[in-house]
Amino acid sequence: MANIDKELRAILAAVHGKEVRDSIHDALKAGNEESEKAMNDAAQSAAHAADSLKHLTELKQQVEKIDLPEMREAVKITNENRDSVRANAEKAGISESNAKTSEINAKTSEVNAKASEQKAEYSSKTAKSYADLAEENGNEAVKKLEEALDMKTPGFMMNFQNGHLEYEGGRFDFLVDENNGHLEWEVTI
């Protein structure tokens with residue numbers, strides 16, 4: 001049976017699309033190679049079993065033509081060949097079973113690879129979302145800094161026609177307290 005643990009770990013660890021595709025490819029290739037080997041082994045075992053059966057048939061025909069001592073020897077050889085045929089048939093069954101197991105493992109690897117690909121895609125989208133949010137927050141912070149730097153500098157000037165001190169720019173409100181005549185100010189937002 002194929003040992004594709006290394007390829008499966010690579011699929012699970014893959015993050016980027018290319019890594020995921022390469023890992024899927026490697027796992028499927030390993031499963032396919034093992035499946036092909038098992039199918040070839042099964043075909044060889046089946047061919048060997050067919051040859052043995054043909055040989056048994058020939059021996060049986062020869063036994064029918066020979067006398068008792070030769071017949072005993074032929075029976076002995078036939079029994080040995082029969083045991084060999086059974087063993088080859090068992091090997092063919094095992095090889096076929098191994099081929100089916102390899103096929104199942106290849107399909108499992110494919111499913112795991114697709115799951116890893118979906119996880120990588122989700123992680124990529126999540127990372128982009130966080131990056132977009134960070135960019136948005138950064139732009140907002142820069143905008144607030146620019147607003148703070150663009151504040152107008154307050155300017156005071158004396159109006160000689162009416163004798164008033166005049167103010168423009170900045171973010172201050174000035175008021176005269178009517179109770180004590182003091183000039184009061186506050187920052188406007």
Side-chain angles (χ1 to χ4, degrees), residues 1-43 93-189:
M1 186 161 69
N3 183 359
I4 57 172
D5 289 334
K6 175 182 165 191
E7 288 82 2
L8 291 176
R9 283 193 302 276
I11 289 170
L12 292 176
V15 174
H16 301 290
K18 181 173 182 356
E19 291 174 351
V20 171
R21 288 190 301 276
D22 288 347
S23 297
I24 292 170
H25 172 268
D26 293 346
L28 291 176
K29 182 177 177 186
N32 187 49
E33 288 171 355
E34 185 65 23
S35 178
E36 286 177 359
K37 181 183 180 301
M39 292 300 278
N40 289 337
D41 290 347
I94 291 170
S95 294
E96 182 179 359
S97 175
N98 286 344
K100 287 179 182 178
T101 300
S102 294
E103 183 179 350
I104 290 169
N105 286 341
K107 287 180 182 179
T108 300
S109 296
E110 183 178 355
V111 168
N112 288 339
K114 286 187 182 196
S116 293
E117 183 178 10
Q118 289 172 349
K119 285 180 185 177
E121 184 178 336
Y122 175 77
S123 294
S124 176
K125 287 179 181 177
T126 302
K128 183 176 180 344
S129 172
Y130 284 133
D132 291 345
L133 183 61
E135 181 180 7
E136 183 180 315
N137 289 337
N139 288 339
E140 188 175 322
V142 167
K143 182 179 175 184
K144 286 182 179 181
L145 284 172
E146 286 174 347
E147 286 176 3
L149 293 174
D150 285 343
M151 285 181 19
K152 293 183 180 176
T153 306
F156 293 92
M157 32 189 155
M158 183 66 168
N159 184 336
F160 292 105
Q161 292 177 354
N162 60 17
H164 293 160
L165 178 64
E166 295 178 352
Y167 162 77
E168 71 177 30
R171 294 186 177 196
F172 299 103
D173 281 336
F174 293 95
L175 304 167
V176 176
D177 186 335
E178 293 182 16
N179 293 329
N180 59 22
H182 292 166
L183 179 64
E184 297 178 352
W185 62 275
E186 57 185 31
V187 176
T188 59
I189 299 176

Note to self: Hydrogens and angles aside, do Glu36 and Asn40 bring a side-chain donor and acceptor to less than 3.5 Å of each other?
What the structure shows: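 Short answer, no.
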Check: Is Ser129 reaching over with its side chain to a backbone N or O of Lys125, donor-acceptor style, under 3.5 angstrom?
Finding: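 Side chain of Ser129 to backbone of Lys125: no pair is present.
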Check: Can any side-chain N or O of Thr126 pair as donor or acceptor with the backbone N or O of Tyr122 at less than 3.5 Å?
Finding: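 Pair found, side chain donor or acceptor close to backbone of Tyr122.
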When rounded to the nearest 0.5 angstrom, what is the spacing between [atom1] in [X] and [atom2] in [Y]?
X      : Y      : atom1 : atom2 : result
Ser35  : Met39  : OG    : CE    : 6.5 Å
Lys128 : Glu135 : NZ    : CD    : 8.5 Å
Glu103 : Thr108 : CD    : OG1   : 10.5 Å

Notebook entry, point to check: With sequence neighbours left out, what residues match Asp41 under side chain to side chain donor-acceptor pair (under 3.5 Å)?
Noted result: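 Side chain to side chain donor-acceptor pair (under 3.5 Å) list for Asp41, sorted by chain: Lys37.
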Margin query: Applying side-chain contact (heavy atoms from CB on, under 4.5 Å), can you list everything that pairs with Lys18, at least two apart in sequence or on another chain?
Written below: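 Expected list: Arg21, Asp22.
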Taking every non-hydrogen atom, the tightest pair across [X] and [Y]:
X      : Y      : result
His164 : Met158 : O-SD, 3.6 Å
Asn159 : Glu166 : ND2-OE2, 2.7 Å
Asp177 : Asn179 : OD1-N, 2.9 Å

Margin query: Would you say CD of Glu184 has more than 12 non-hydrogen atoms from neighbouring residues, nucleotides or ligands within 6.0 angstrom?
Written below: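 Counting neighbours around CD of Glu184, more than 12 heavy atoms of other residues, nucleotides or ligands fall under 6.0 Å, so yes.
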